Amino acid sequence: MGLTLTVLGCGGTYAGPGNACSGYLLRTAATTVLCDLGPGALANAQRHIDLVDVDAIVLTHEHADHWTDLPVTRNVYRYVLDRPPLPVFATAGTQALARPFCLGGDPFSWTTIRDESRVEVGDLAFTFSRTDHPVETLAVLVESGGASLVYSADTGPGWSPVAFGVRPDLAVIEATFDHEHSNPVHLTATQAGERAAAVGARALVLTHLLPGTDPAGQRAAAEAAYDGPVHIAEPGLTFAVGAP
Ligand SMILES: [Zn+2]
Ligand SMILES: [Zn+2]
């Protein structure tokens with residue numbers, strides 16, 4: 001099994017009906033990582049994996065829609081599963097908010113990540129890049145066995161996946177808005193498409209759509225800016241990354 005990404009939740013800012021907030025499952029035959037853990041993502045993860053098999057958790061930033069299932073995830077690893085401390089890679093700001101929930105028995109081993117950090121988990125190599133967002137937010141490059149994907153986390157138009165210097169097989173880019181805002185802390189679908197084109201991504205997944213935004217309209221806007229295949233993230237969808 002090559003590298004796959006499964007969407008656990010992709011609601012932008014909050015989750016609409018039937019969705020969860022941001023959460024992605026990254027897997028190879030040897031390694032299982034949860035990348036972001038917004039409300040609802042933990043429940044959906046169990047549709048695909050046994051939680052005892054998780055090798056690490058990566059949290060891109062401190063906004064509540066990206067990590068607030070962690071306090072209840074703590075309950076699983078503290079009280080239910082018997083395993084060594086689970087590595088959590090998170091920004092300093094995320095840790096400042098999350099670690100107080102883990103007092104009195106912290107089942108996690110924490111590592112601070114920042115711009116240009118590189119970490120390895122099993123056969124996955126992660127590189128992080130600071131995005132254009134009001135708090136320290138890290139986009140993620142994941143590489144494994146020649147396959148690569150970029151996840152934008154949350155960003156405004158001041159960041160591009162070109163920052164990683166890698167042409168990814170899959171670009172998972174946020175497209176919160178369907179029109180430009182005067183306070184651009186997120187991207188439009190057009191801007192997501194432009195970024196996929198700029199980095200030469202082989203395929204694009206639009207994610208973090210604000211509930212109520214028309215997915216077909218977002219897809220069309222991205223397709224106008226990018227020639228490759230455009231997908232809309234939905235909970236439960238799995239994407240094979242790179243060659244099988
Ligand atoms: Zn968000
Ligand atoms: Zn955010």
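Quick caveat, the model's predicted, so the values are computed rather than measured. Just follow the structure's listing: the first ligand is 1, and inside any ligand the first atom is 1.
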H63 ring center within less than 6.0 Å of H133 ring center: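 Judged by ring-centre distance (under 6.0 Å), H133 and H63 do meet the cut-off.
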Distance (rounded to the nearest 0.5 Å) between R27 CZ and S144 OG: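 The CZ atom of R27 sits 13.5 Å away from the OG atom of S144.
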Can you give the donor-acceptor pairs under 3.5 Å from side chains of residues 3-26 to other protein atoms, not counting sequence neighbours?
from: T6; atom 1: OG1; to: T238; atom 2: OG1; distance (Å): 2.7
from: N19; atom 1: OD1; to: C10; atom 2: N; distance (Å): 3.1
from: Y24; atom 1: OH; to: T207; atom 2: OG1; distance (Å): 2.6

Measuring only between side-chain heavy atoms, which start at C-beta, is L138 closer than 4.5 Å to I113?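 Touching, per the 4.5 Å side-chain cut-off.
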Could you give all pairs that pass the side-chain hydrogen bond (donor to acceptor under 3.5 Å, both in side chains) test and reach residues 48-57, with sequence neighbours left out?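 As it turns out, there is no side-chain hydrogen bond (donor to acceptor under 3.5 Å, both in side chains) pair with a partner in residues 48-57 once direct neighbours are skipped.
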Does anything in residues 209-224 pair up under side-chain hydrogen bond (donor to acceptor under 3.5 Å, both in side chains), and if so which pairs, sequence neighbours excluded?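 Qualifying pairs, neighbours excluded: none.
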What protein N/O/S atoms sit under 2.8 Å from the Zn ion (ligand 1), by chain and number?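 Those protein N, O or S atoms (cut-off: under 2.8 Å from the Zn ion (ligand 1)) are D65 OD2, H66 NE2, D154 OD2, H208 NE2.
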